[in-house]
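When a ligand or atom number is given, it counts from 1 through the structure's own listing order.
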Amino acid sequence: MSCSVILGAQWGDEGKGKIVDILTEQADVVARSSGGHNAGHTVVIKGEKYILHLIPSGAMHPEKLNIIGNGVVVDPKALIEEIVGLEKKGIDFTGRLFISKRAHVIMPYHGLIDRIREEIKGSKKIGTTGRGIGPTYADKAARNGIRVCDLYDKEVFREKLEQGVNEANFLLDKKYGSDEKINADDIYTEYLEYAERIRPYVKETTYLINELYDSGKKVMMEGAQGTLLDVDFGTYPFVTSSNSTAGGSCTGTGLSPNRINNVVGVMKAYTTRVGSGPFPTELFDEDGQRLRDVGHEYGATTGRPRRCGWLDLVAAKFACVVNGINYISLTKLDVLTGMKTIKACVGYKYKGETLDTFPPEIGALEGCEPIYKEFPGWEEDITKVSNYDDLPENAKKYLDYVKDFLGIKYNIVSVGTDREETMILEDVF
Ligand code: GDP
Ligand code: IMO
Ligand code: MG
């Protein structure tokens, strides 16, 4: 009986998919608790690549259970496409995929409003994935949302849909001046079909996850996005619309905080970000381009080039504080191989003062100048190293400094995309 939370310690895309897949070996159940198909989690098994959006990254382990929790926003069309795509690759979900009845449903008008809002914002846009995530969570908070369970009561669904569509049409016409008009009849028919297709997986997962935990199973919570994209703790408003921090894994599944044993932050050996918003250690020079090229830093969901920069330890420390991170899974160390000098930000200079905390004000973050500590690099190929002690001395010095700065232990150091290219150092279950 144990529970570990695995979450992003930066701005997303830290390699959560790879780490969750590796750790699923030791777990019995993997549960997604927040976000939607804005997430893109990559798993590479013997050279074959899987990109998961809504389905937990434990899916490739045939005997393990997968839960899509109540905190997730589900686009049923995207979900069905994902299930079908994975089934084609030989993955069977019978009896081992469960979707919460309480999860909110992304409707076509949510995507439309998301994209129109971004267009109107122009240069001030958030750079969302355009998947309707924000408007769906907004409807949830406004008590206007449609939940998975609502799809199975035709009267309830029709009534909620009419309300949602009327409001969306009002917004499109009166607020956004758009010519688009949503038709409730089309959506009604389409979504009832989706509901039938996903019916075998729909469940009251709150009891399920607690029963599994109580019966001695090992539960892993898979975070989406990252701490700095959290709606409360991230670089607001340049964030997503859910709690991607540790607390979100409890509210997003119904498993209580006193069940959690370990919180594992997944962190790249450097930093990336997709979309707009402050990024103090962003690089615009050849080092940044090198990180993008060598690290293949292009979005798994949208294909957008990721912004790249040095590791920001002030931001990472903030993530440790907010989430209670006790282990870090460090990824992409191999990408730093061949760099003459590696830098890590250990403080910010702002208006002549030194800051060692992550400021909430966007203006302050934008004005922060990183204070760097420099480390000599290494040349040796480390992708085949399977023992921590066999890493080049300079790599170990960098890792040791980061570990001490953050006051954590490493449970994993990852040196390549594949399952094989992983050093497992501690058991988190
Ligand atoms: P997630 O959203 O946190 O699951 O991360 P993504 O899958 O969006 O992006 C991480 C990318 O880095 C993927 O392409 C992974 O295959 C890749 N990756 C993960 N760990 C490593 C690593 O240690 N080294 C290298 N070179 N690539 C890695
Ligand atoms: P994973 O789980 C990286 C970013 C978007 C945008 C902001 C808001 O793969 O790490 P949204 O569509 O959520 O309203 O967009 O959040 N974003 C991500 N960036 N990885 C993700 O997920 C992301 N999910 C959302 O780029 O800046
Ligand atoms: Mg991703």
Side-chain angles (χ1 to χ4, degrees), residues 6-22 32-45 47-54 56-57 72-73 75 106 110-111 113-115 117-118 125-138 222-231 234-242 244 265-270 272-279 291 293-307 329-337 382-383 385 412-423:
I6 318 298
L7 50 78
Q10 295 162 313
W11 275 286
D13 302 329
E14 298 90 347
K16 298 175 291 295
K18 168 173 175 167
I19 301 302
V20 168
D21 170 65
I22 300 274
R32 269 279 304 269
S33 52
S34 65
H37 65 314
N38 49 350
H41 295 178
T42 315
V43 176
V44 183
I45 304 169
E48 179 151 22
K49 193 173 180 176
Y50 303 81
I51 299 179
L52 299 129
H53 300 287
L54 277 162
S57 304
V72 175
V73 285
D75 180 324
I106 301 183
H110 290 131
I113 290 172
D114 188 2
R115 294 186 289 274
R117 265 191 201 154
E118 285 280 276
K125 71 173 187 220
I126 293 165
T128 73
T129 58
R131 303 289 196 267
I133 306 294
T136 308
Y137 280 116
E222 175 180 359
Q225 288 76 56
T227 303
L228 304 174
L229 288 172
D230 180 281
V231 68
T235 46
Y236 191 91
F238 300 101
V239 292
T240 191
S241 299
S242 64
S244 42
V266 184
M267 187 174 91
K268 275 178 190 168
Y270 49 96
T272 62
R273 165 161 215 176
V274 206
S276 327
F279 179 177
L291 290 172
D293 291 342
V294 179
H296 303 291
E297 294 297 356
Y298 295 89
T301 294
T302 57
R304 290 180 288 177
R306 294 175 182 148
R307 300 157 65 194
S329 291
L330 191 99
T331 61
K332 304 197 109 166
L333 187 63
D334 54 299
V335 176
L336 297 183
T337 300
I382 58 170
T383 54
V385 175
I412 284 180
V413 173
S414 170
V415 288
T417 53
D418 213 278
R419 265 186 189 169
E420 314 293 316
E421 295 162 327
T422 315
M423 284 173 255

Close approach of [X] to ligand 2, heavy atoms, under 4.0 angstrom:
X	result
His41	yes
Trp11	yes
Gly127	yes
Lys16	yes
Gly40	yes
Arg273	no

Return the residue, atom name and 0.1 Å-rounded distance of the protein heavy atom closest to [atom].
atom	answer
atom 23 (C) of ligand 2	Gln225 CG, 3.7 Å
atom 27 (O) of ligand 2	Val274 O, 3.1 Å
atom 16 (O) of ligand 2	Leu229 CD2, 3.6 Å
atom 3 (C) of ligand 2	Asp13 OD2, 3.3 Å

Check: [Y] and [X] side chains under 4.5 Å, non-hydrogen atoms:
X	Y	result
Thr331	Lys16	no
Arg273	Thr235	yes
Arg306	Asp13	yes

With heavy-atom distances below 4.0 Å as the criterion, list the atoms of ligand 2 near [X].
X	value
Ala224	2 (O)
Ala39	1 (P), 2 (O), 9 (O), 22 (O)
Gly275	27 (O)

#### Entry: Any residue meeting side chain to side chain donor-acceptor pair (under 3.5 Å) with Thr337, in chain and number order, not counting sequence neighbours
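Applying side chain to side chain donor-acceptor pair (under 3.5 Å) to Thr337 gives Trp378.
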### By side chain to side chain donor-acceptor pair (under 3.5 Å) - contacts of Arg419 (at least two apart)
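Only Asp21, His61 meet the side chain to side chain donor-acceptor pair (under 3.5 Å) criterion with Arg419.
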Is there a donor-acceptor contact under 3.5 Å from the side chain of [X] to the main chain of [Y]?
X	Y	result
Tyr137	Gly35	yes
Gln10	Tyr270	yes
Ser241	Ile133	no
Glu118	Gly127	yes
Arg115	Gly130	yes
Lys18	Asp418	yes

### N, O or S atoms of the protein lying under 2.8 Å from the Mg ion (ligand 3)
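Under 2.8 Å from the Mg ion (ligand 3) - ignoring waters, which are not counted - the protein N, O or S atoms are Asp13 OD1, Gly40 O.
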Is the shortest N/O to N/O distance between [X] and ligand 2 below 3.5 Å?
X	result
Gly130	no
Thr240	yes
Thr129	yes
Ser276	no
Arg304	yes

#### Entry: Side chain, backbone, both or neither: Thr128 near ligand 2, heavy atoms under 4.0 Å
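Both backbone and side chain.
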### Message
Please determine whether side chain to side chain contact (heavy atoms under 4.5 Å, CB included) holds for the pair Val239 and Asp230, giving the CA-CA distance in whole Å, both sets of side-chain angles, and the decisive distance to 0.1 Å.
### Response
CA-CA 6 Å; Val239 292; Asp230 180 281; over 6 Å; no
Non-hydrogen atoms of [X] and [Y] that approach each other most closely:
X	Y	value
Leu291	Glu297	O-CG, 3.7 Å
Ser34	Ser244	OG-CA, 4.0 Å
Ala9	Met267	CB-CB, 4.3 Å

### Query
Does a salt bridge link Arg131 with Asp75, judged by any charged N lying under 4.0 Å from a carboxylate O?
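Between Asp75 and Arg131 there is no salt bridge, as every charged N stays at least 4.0 Å from the carboxylate O atoms.
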### Message
Heavy-atom contacts with ligand 1 below 4.0 Å: which residues, ordered by chain and residue number?
### Response
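Protein residues near ligand 1 are Asp13, Glu14, Gly15, Lys16, Gly17, Lys18, Gly40, His41, Thr42, Ala300, Arg306, Thr331, Lys332, Asp334, Val335, Ser414, Val415, Gly416, Thr417.
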### Task
Could you go through the side-chain hydrogen bond (donor to acceptor under 3.5 Å, both in side chains) check for Asp114 and Thr128 one step at a time?
CA-CA 8 Å; Asp114 188 2; Thr128 73; 3.0 Å; yes
### Query
Could you go step by step and tell me if Glu222 and Ser57 meet the side-chain hydrogen bond (donor to acceptor under 3.5 Å, both in side chains) rule?
CA-CA 8 Å; Glu222 175 180 359; Ser57 304; 2.6 Å; yes
### Message
Name the residue from Ile412, Val385, Leu333, Ile382 that meets the side-chain contact (heavy atoms from CB on, under 4.5 Å) definition with Met423.
### Response
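Looking at Ile412, Val385, Leu333, Ile382, the match for Met423 under the side-chain contact (heavy atoms from CB on, under 4.5 Å) is Val385.
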### Query
With respect to atom 7 (C) of ligand 2, which of Val239, Thr272, Ile51 exhibits the smallest heavy-atom separation?
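Minimum heavy-atom distance to atom 7 (C) of ligand 2 goes to Val239.
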